[in-house]
Q: 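Quick one: the structure is below, and I'll ask about it shortly.
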Amino acid sequence: MKDSELETMRNSFNTVKNRSNSLIESPSAKRLISRGREIKKYSIENNDELLNQVCESFKRNDVDFKIAETAEDALSIIDDLLCEYDCNTIAKAKSNTLGEINLKRHLANENIDVVETDLGDRILQLKKIDNKPVHPTGPASHLNVDNITDIVNESLDVNVNPVPREIMEAVRYDVLKRLENANVGISGANAIASEEGSIVMVHNEGNISLVSLKDLHIIVAGIDKIVPTLEDAISIVKLETIFATGNYVTSYMNVISGPSKTADIEKKLLKNMYGAERVVVILLDNGRSDATQECLYCIGCGNCVVHCPVYNAVGNEFGFNNYLGGRGVAMSKFIEDDETCYNSGLYMCTLCGLCTLNCPVDIPTNEIIENMRKLSADAGFYPKAHGIIKDNVSSKDSPY
Ligand code: SF4
């Protein structure tokens with residue numbers, strides 16, 4: 001990232017920090033904080049049981065579901081569905097899980113136009129080069145209004161002024177036009193309630209409503225997103241919202257528990273009244289079953305990267321794919337391998353522990369990273385300098 005981008009990112013982070021700091025001391029936030037870790041701990045420890053239960057609930061609700069062991073499995077399920085719907089344009093909502101499986105790259109090879117509907121994600125998509133997000137809910141927080149104006153004018157062949165409203169309107173016009181013929185929407189999920197079989201998604205822009213109104217709505221979510229009940233799911237997304245945006249709630253919270261249907265004419269069931277005729281949930285493992293359990297407590301608020309001194313200095317170079325900072329590095333070991341984990345910044349971490357201190361669900365990321373360094377060294381991945389010291393110690397009994 002350029003110095004100017006890092007500067008803009010730090011300023012954006014300070015704004016979020018000030019907003020969320022003013023909320024986290026409130027009694028309702030404190031209640032959510034103490035509940036959040038409990039819910040995630042229980043959910044991850046009982047994941048197999050909740051997974052079975054949610055599958056039964058989905059069947060009852062007429063939601064199709066598939067279990068994908070790997071990213072490739074998830075992509076092949078998506079390919080089959082898109083073929084069935086003869087789809088060439090997809091409306092896409094923000095999702096780290098879709099980033100994890102590299103959906104856009106995969107579908108670009110098949111000439112399918114994947115249109116980001118979130119403004120920040122769409123700006124990054126138009127940017128084309130160096131378009132990795134810098135924050136889970138503020139993907140373009142490193143770009144200032146002038147940078148964004150240039151990107152939008154160049155890529156959309158328009159001539160807007162560096163005024164946020166003008167930029168927003170130009171992007172909205174283009175996105176809606178592109179989506180006129182899209183019959184498939186795809187998104188992630190913020191939480192899934194196993195007892196009710198309900199998928200909870202939060203957003204401010206109203207874009208998830210766009211995605212969920214297409215004929216087919218595909219939802220790809222990690223198995224770690226399952227929690228016992230709808231009340232738990234709502235607690236988790238409220239906690240995420242407080243830490244991610246500094247607000248108590250987002251403008252929209254979609255709870256999807258099945259396809260759109262009506263029985264208003266002679267009680268005969270008809271699907272696809274306004275929303276999707278078919279909802280398919282792909283529950284993704286992709287290394288999660290072997291992951292350090294506490295890594296999976298993450299609710300995706302991004303507060304760790306906002307407070308991380310390394311991330312503030314180097315940006316999204318520290319992390320893996322859409323999973324940013326130390327927790328992202330840790331996840332890369334399970335999603336990919338030791339080598340990816342090493343290359344994602346395993347040794348960039350200072351082990352200062354500020355991530356843990358600022359994590360609403362107390363993930364001890366610094367301890368996890370320290371442990372991973374041991375495992376990674378055993379697998380042969382460590383900095384060259386460490387190797388020289390190790391050789392010196394074994395041959396000369398001295399590090400020098
Ligand atoms: S590790 Fe904690 S602070 Fe970081 S994104 Fe996950 S829940 Fe938020």
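Note that ligands are numbered from 1 as they come in the structure, with each ligand's atoms numbered from 1 the same way. For this chain, numbers begin at 1 and follow the sequence in order.
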Q: Output, in order, the C-alpha distance, side-chain angles, deciding distance and verdict of side-chain contact (heavy atoms from CB on, under 4.5 Å) for L81 and V184.
A: CA-CA 9 Å; L81 289 165; V184 176; over 6 Å; no

Q: Count the heavy atoms of every other residue, nucleotide or ligand shown that sit under 6.0 Å from NZ of K261, and state whether that count exceeds 12.
A: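 Counting neighbours around NZ of K261, more than 12 heavy atoms of other residues, nucleotides or ligands fall under 6.0 Å, so yes.
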
Q: List the residues meeting salt bridge (Lys or Arg N to Asp or Glu O under 4.0 Å) with K30, not counting sequence neighbours, and say none if there are none.
A: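 So K30 forms a salt bridge (Lys or Arg N to Asp or Glu O under 4.0 Å) with E25.
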
Q: So which protein N/O/S atoms does atom 2 (Fe) of ligand 1 have within less than 2.8 Å?
A: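 Sorted hits: C359 SG.
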
Q: If you apply the rule side chain to side chain donor-acceptor pair (under 3.5 Å), what do you find for N181 with T89, and how did you get there?
A: CA-CA 7 Å; N181 296 321; T89 308; over 6 Å; no

Q: With sequence neighbours left out, which residue pairs that include part of residues 97-112 fulfil the side chain to side chain donor-acceptor pair (under 3.5 Å) condition?
A: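 Qualifying pairs: D79-H106, E100-N286, E100-R288, E100-Y323, K104-E116, H106-E110.
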
Q: For atom 5 (S) of ligand 1, what is the nearest protein heavy atom, given as residue, atom name and distance?
A: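 Result: G302 N, 3.1 Å.
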
Q: Name all pairs fulfilling the salt bridge (charged side-chain N to carboxylate O under 4.0 Å, His left out) condition that reach into residues 59-77, sequence neighbours left out, sorted by first residue then second.
A: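 Salt bridge (charged side-chain N to carboxylate O under 4.0 Å, His left out) check on residues 59-77 returns E56-K59, D62-K271, D64-R278.
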
